[in-house]
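Below you'll find the structure, written out as structure tokens, and then a few comments.
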Amino acid sequence: MTHPSDPGQPARPPAGGQPPGGPYGPPPPPHPQQQPPQQQPPHRGTGPIPVPNPRPPAAPPPGQGQPNPNQTGPGPYTTGPHPQVPPPGWTPPQRRKGLMGALFDTNFDHMVTAEMIKIIYRLAVVLITLFALIIAWTGVGFLEWNQMLGVLTLLATPIIWLFQLVTTRMALEFLINQFKISEYLRVIKDKS
């Protein structure tokens, strides 16, 4: 038994009640640019089997000529390194100014807060630690006349220190995040 798609074999007649071409309808008409297939005698023996209606080779883009796979210059078929060419009208971003230069920047192109955030955080850690030491010293003072209040104050001191430190860190991270978003948007604007 042969299948209708076997090359060189005649197609089977359609089963009873089915339209020509099988259950999916008749075959589509040939493409206008293609020539109708020529009837060839059944191919027997060895050698390549002819392919009906082969696809024509793809044409290169208009104005490009024939593609050269060894071409290293500009073009769609390059294989070598691509030169990094900035888009027209693009200017490289300006270098960062120092803290004093940013303070006197009247256009506000350079943000001072982003430069000073480390100093502000270190100062906040020192102040929060000093405040916690004052609370602990007060708790020691409470031990003389009310031991329960003194012990509670000493136990609460590291919790208060940690809470203030985390709160300060979160506020500064939110602030620096806003400045980083602004910097990234400026870089995107400079590239486009």
Looking at CG of Leu127 and CD of Gln164, how far apart are the two atoms once the value is rounded to the nearest 0.5 Å? 10.0 Å

Kindly state each residue pair satisfying side-chain hydrogen bond (donor to acceptor under 3.5 Å, both in side chains) with at least one member in residues 116-129, sequence neighbours excluded. Thr129-Trp161

Please report the interatomic distance CG(Leu162) to CD1(Ile128), rounded to the nearest 0.5 Å. 10.0 Å

Members other than Leu185 in its cluster, when Ile, Leu, Val, Met, Phe, Trp, Tyr link by side-chain heavy atoms under 4.5 Å? Ile181

Hydrophobic clustering (ILVMFWY, side-chain heavy atoms < 4.5 Å, transitive) - are Phe131 and Val125 grouped together? no

What residue pairs, at least two apart or across chains, pass side-chain hydrogen bond (donor to acceptor under 3.5 Å, both in side chains) with a residue in residues 165-174? Arg169-Glu173

Under a single-linkage definition using a 4.5 Å side-chain heavy-atom cutoff for Ile, Leu, Val, Met, Phe, Trp and Tyr, are Leu123 and Ile117 assigned to the same hydrophobic cluster? no

Which residues pass the side-chain contact (heavy atoms from CB on, under 4.5 Å) test with Val126, sequence neighbours left out? Leu130

Could you list the donor-acceptor pairs under 3.5 angstrom formed by side chains in residues 134-156, with sequence neighbours left out?
from: Thr138; atom 1: OG1; to: Ile134; atom 2: O; distance (Å): 2.8
from: Asn146; atom 1: OD1; to: Met148; atom 2: N; distance (Å): 3.4
from: Thr153; atom 1: OG1; to: Leu149; atom 2: O; distance (Å): 2.7

Should side-chain heavy atoms under 4.5 Å link Ile, Leu, Val, Met, Phe, Trp and Tyr, which residues sit in the same cluster as Phe174? none

